[in-house]
Amino acid sequence: MATKAPTQTEFGEVSRIKGIVFKYVSFVASIVGILALGVLLAYVFWDALGLESAGTGWYLAYTGTLLVPLLAFFAYARTRPEVVAGAFELFSLTLAGVMLTVASVIILSIIASPAVWFAYFLTVVGPLLALFVYGQYEREATWVGLAMLLTLVAGPVVGTLGLGILTTLGSLLGSPGVYFLSLVIPGAALAAFLAAERFDASRRLSLGIGVALPALAVVAVPLVDTVPAISRSVWLIALVMLGLPVGYAVANTARTRERRSAFALPVIAVAGFLAGGAIVDAIGATKPSPWLDWQYLTSSPSISNAAEAGLYPAIIGSIFLIVLVSVFTFVFGVGAAIYLEEYAPDNGVLGTATRIINVNISNLAGVPSVVYGLLGLGIFVNIEAQLGPLTYGGFGVGTVFTAALTLSLLILPIVIISAQEAIRSVPSSLRQASYGMGATRWQTIRNVVLPRSLPGILTGTILALGRAIGETAPLIMIGAATTKFSPPAGLFSKLTAMPMQIYAWAFLPGEDFRYGVVAAGVVTLLIVMLTMNSVAILVRNKYQQEAN
Amino acid sequence: MTSQDMASETEAETDDDSLVTTDPGKGGLDENDDRGSVAQTGAGTVIESRDLDVFYGETQALQNIDLAIPENQVTAMIGPSGCGKSTFLRCINRMNDLIDIARVEGSLTFKGKNVYDTDVDPVALRRRIGMVFQHPNPFPKSIYDNVAYGLRIQDKTENMDEVVERSLKKAALWDEVSDRLDDSALDLSGGQQQRLCIARAIAVDPEVILMDEPASALDPIATSQIEDLIEELATEYTVVIVTHNMQQAARISDKTAVFLTGGELVEFDDTDKIFENPESQRVEDYITGKFG
Ligand SMILES: Nc1ncnc2c1ncn2[C@@H]1O[C@H](COP(=O)(O)OP(=O)(O)OP(=O)(O)O)[C@@H](O)[C@H]1O
Ligand SMILES: [Mg+2]
């Protein structure tokens with residue numbers, strides 16, 4: 001009816017009403033979810049930062065010095081993808097560097113004393129790094145991979161056997177000495193390597209960079225000593241863990257002409273903050289009273305005094321979990337995916353078995369997390385087994401290790417599926433090319449399949465990790481504490497995690513807890529997750545460019 | 001079966017059974033078989049199939065193929081789409097092993113050794129029989145790394161720079177890429193990529209090169225470059241090439257095998273004979289375009 005019979009000159013008209021209606025319905029559907037989340041986040045940030053109590057003067061000052069310049073920058077960058085990429089890289093690598101620093105400080109000072117770390121650095125980490133670098137330069141040395149594997153197996157054994165002597169050595173050096181040797185020197189080598197290889201710096205310049213970093217580490221010590229909050233060890237760790245990513249981002253941005261205006265973002269942010277603060281002080285405007293501040297991040301939780309409450313033990317617990325879960329899932333998840341995609345037969349009885357396994361991995365990905373908690377309770381906490389002389393009595397109620405294993409089980413199916421997806425997307429013509437050259441299966445996987453699928457594997461793993469650190473149900477099931485006043489002291493010590501602590505506070509009677517403290521916890525958790533996700537995006541983009 | 005005539009000429013060269021290896025990772029090839037002297041003998045047979053049947057699940061793709069491929073010559077395989085040319089090619093270096101449902105019966109010998117014997121390591125076999133595919137499939141690595149790929153996986157890393165250069169020269173690609181060996185191979189044009197794949201295949205110095213429609217995705221100029229290259233290669237290597245292009249087969253090959261629908265080998269003879277005076281009416285119809 002909408003189409004008239006076309007005449008010689010007229011083409012008639014085709015009705016598009018259904019299409020238009022559908023388009024707007026889909027638009028509304030997608031907006032509703034985002035809007036709801038946006039409103040919630042706005043509330044949470046509002047509470048966490050205590051913006052309610054701020055005076056008009058404060059708002060005006062920061063709008064003028066920070067908000068308007070930032071918006072202007074975004075408007076400017078909108079049409080310049082290079083600038084956006086540069087700003088994104090600067091921002092997320094800085095954030096990631098901060099987290100890496102925090103994680104390293106915590107892990108290096110809690111799990112292992114500097115002396116013990118030094119022992120294992122000498123026997124495992126150091127040789128691995130050396131072999132890796134050698135392998136990068138001597139492409140023809142095919143034994144390097146095998147040697148690395150051997151180091152990985154034999155190194156810890158040697159380190160444990162020689163622990164006595166090696167720790168004495170470490171103690172002689174003192175902890176700043178240990179970090180200088182084990183972090184700053186390799187960090188400087190890495191920086192010089194990156195400068196030469198990635199940025200095509202001249203030999204002199206890269207050597208200069210390699211020397212400047214240790215020099216800076218030493219020269220700045222008197223300055224660092226004047227700041228009581230930063231010990232010499234923390235300074236050295238931060239120099240490497242924060243300095244290198246930031247330095248990389250800066251160098252990478254400065255290298256491309258079109259990207260350079262991305263530096264406006266950090267300049268605007270820092271200058272805006274300082275200027276805003278100065279104006280607020282000058283006119284004496286009321287400042288906000290944020291819940292999320294340094295005190296919050298560094299003190300233990302309180303259940304009676306909201307002003308003193310902090311998230312420190314939970315943050316440490318979560319960091320432990322992130323590190324362990326990422327190791328477990330990466331090793332087992334990627335291993336399983338490679339086996340299922342590259343080795344497992346497609347036909348016959350075994351092929352049927354493979355298919356059954358594949359279908360069930362998809363099912364497992366949908367199993368509720370409470371059920372995984374129950375599984376963890378069953379096999380990591382409660383089971384007692386006697387295997388000859390070995391007694392297995394579980395890994396303890398609510399310990400770091402139990403929690404990490406349980407959460408790894410939870411996200412393993414997701415990691416496997418996304419890794420399988422990534423491996424499957426490697427064109428079979430590349431595999432054929434490799435086999436046709438007389439490559440063995442392993443050589444094909446190692447040289448063709450893995451490099452090509454790594455971006456997908458990494459993104460999938462990091463996104464799944466984000467899910468793991470936000471989980472509460474499995475942790476409740478394995479008996480993790482909701483409130484703990486001290487951080488875990490080792491793998492078999494009890495922990496709490498950020499979502500658990502937030503959950504505990506949410507039911508306290510005080511309003512300050514339910515609104516302020518909880519909101520601050522949620523914001524902290526979100527910042528950690530967003531950082532992980534942006535690193536995932538960066539990694540994917542990086543490898544995708546390399547693969548093309 | 002006209003193809004029987006060739007089989008009688010076979011001088012089975014049982015010079016080595018080094019395809020057999022106890023270490024599948026390394027592919028115990030000994031490189032000391034004296035190929036120079038074999039080349040003098042002219043048209044000795046390198047690859048010979050007898051009663052070869054290939055099945056994909058229940059469907060039969062090749063029936064009773066008897067074929068003897070002469071050394072250091074170009075052997076062309078022509079025939080309509082789906083008649084099993086690629087299947088035959090993949091039988092020679094056992095790439096069919098990668099297809100789960102493929103099943104091979106009968107015998108196919110390479111230098112006198114049946115490649116389907118249980119003690120033959122397909123990886124070692126493929127190191128001696130190179131392959132170039134229908135669509136250029138360079139690795140997403142640098143040009144240099146592409147050519148060096150086979151050298152690295154086969155631990156032949158001495159003088160790698162020289163070997164890479166020599167292979168690129170043989171593949172008539174050196175002049176175009178010598179100043180950008182570190183660039184990605186994917187930035188090359190299709191024809192250059194295909195020549196790169198040929199360079200990659202000859203870098204490891206195989207004895208036979210299998211080519212499955214190597215020029216089908218290329219323009220006429222790139223095609224004629226590849227054709228020149230193939231004729232060049234035939235002085236050193238045994239080349240087996242599948243093509244849909246009759247003129248190409250006529251131009252570059254010494255022997256031609258005509259497969260027809262159903263997976264049978266209808267005629268196998270000198271190229272001149274096939275194109276000028278074929279025995280079988282069906283082959284004549286196919287070549288003149290009346291059918292297929
Ligand atoms: N992987 C496979 N699985 C199942 N059947 C296959 C497979 N590969 C080939 N076949 C079948 O085997 C027969 C021969 O295929 P083949 O690829 O050898 O033909 P071809 O002569 O190379 O054709 P073309 O000239 O189109 O490349 C076809 O009928 C095809 O459907
Ligand atoms: Mg084919």
Side-chain angles (χ1 to χ4, degrees), chain A residues 135-146 149 197-198 200 341-355 425-456 542-548, chain B residues 23-27 29 57 89-90 93-95 97-102 121-142 144-161 184 186-187 197 200-201 203-204 206 209-210 212:
Chain A
Q136 290 290 310
Y137 276 106
E138 280 299 321
R139 283 296 175 82
E140 306 178 12
T142 38
W143 50 268
V144 167
L146 217 60
L149 207 65
E197 292 293 312
R198 279 291 148 101
D200 300 320
E341 284 304 311
E342 298 289 321
Y343 288 99
D346 292 342
N347 292 95
V349 184
L350 287 177
T352 315
T354 313
R355 269 196 297 283
S425 72
V426 177
S428 69
S429 68
L430 290 182
R431 285 192 189 85
Q432 299 233 345
S434 177
Y435 286 124
M437 295 296 301
T440 60
R441 208 176 271 264
W442 164 242
Q443 285 171 328
T444 304
I445 292 172
R446 165 77 185 69
N447 295 309
V448 176
V449 177
L450 277 186
R452 201 40 213 234
S453 52
L454 205 58
K542 179 117 234 118
Y543 278 97
Q544 256 167 8
Q545 273 165 12
E546 267 166 34
N548 294 329
Chain B
D23 176 5
K26 287 280 181 239
L29 296 184
L89 217 56
R90 284 199 303 261
N93 63 349
R94 282 186 64 174
M95 286 292 275
D97 289 17
L98 302 177
I99 302 171
D100 265 317
I101 51 170
D121 177 8
V123 171
L125 178 74
R126 290 181 204 133
R127 291 182 178 196
R128 299 174 62 177
I129 304 183
M131 188 159 197
V132 177
F133 298 83
Q134 176 166 1
H135 294 282
N137 54 359
F139 299 116
K141 300 171 186 277
S142 72
Y144 183 96
D145 286 342
N146 261 281
V147 184
Y149 185 82
L151 300 169
R152 290 200 175 114
I153 58 169
Q154 301 189 18
D155 280 335
K156 293 179 180 169
T157 48
E158 327 80 79
N159 304 329
M160 203 150 71
D161 291 349
S184 169
L186 301 181
D187 293 343
C197 292
R200 178 174 70 185
V204 289
I209 300 181
L210 309 175
D212 195 347

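Numbered from 1 within each chain, the chains take letters A, B, ... in sequence-line order. Below, all heavy atoms of this structure are taken into account, side chains as well, without hydrogens, waters or symmetry copies. Note that the structure is predicted; figures quoted are calculated from it, not measured.
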Can you tell me which portion of [X] sits under 4.5 Å from chain A's heavy atoms? Options are side chain, backbone, both or neither.
{"X": "B:Phe133", "result": "side chain"}
{"X": "B:Arg200", "result": "both"}
{"X": "B:Pro138", "result": "backbone"}

A:Met437 and its side-chain contact (heavy atoms from CB on, under 4.5 Å) partner, picked from B:Leu151, B:Val123, B:Val204
B:Val204
Among A:Val448, A:Leu430, A:Val426, which residue meets the side-chain contact (heavy atoms from CB on, under 4.5 Å) test with B:Pro140?
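Filter result, single survivor: A:Leu430.
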Taking the side chain from A:Gln443 and the backbone from B:Gln154, do they hold a donor-acceptor pair closer than 3.5 Å?
no
Measure across B:Asn137 and A:Ser429 and return the closest heavy-atom pair with its distance rounded to 0.1 Å.
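The answer is ND2-O, 3.0 Å.
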Quick one: CD on A:Gln432 to CD on B:Gln134, what's the gap to the nearest 0.5 Å?
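Here the interatomic distance stands at 11.5 Å.
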Calculate, to the nearest 0.5 Å, the distance between atoms OG1 and CD1 belonging to A:Thr444 and B:Ile153 respectively.
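Spacing of OG1 (A:Thr444) from CD1 (B:Ile153) equals 7.0 Å.
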Name the region of A:Ser434, side chain, backbone, both or neither, that has any atom closer than 4.5 Å to a heavy atom of chain B.
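Backbone plus side chain of A:Ser434, per the 4.5 Å heavy-atom cut-off to chain B.
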Do A:Tyr435 and B:Pro122 have side-chain heavy atoms sitting under 4.5 Å apart?
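In short, these two side chains do not touch, never coming nearer than 4.5 Å.
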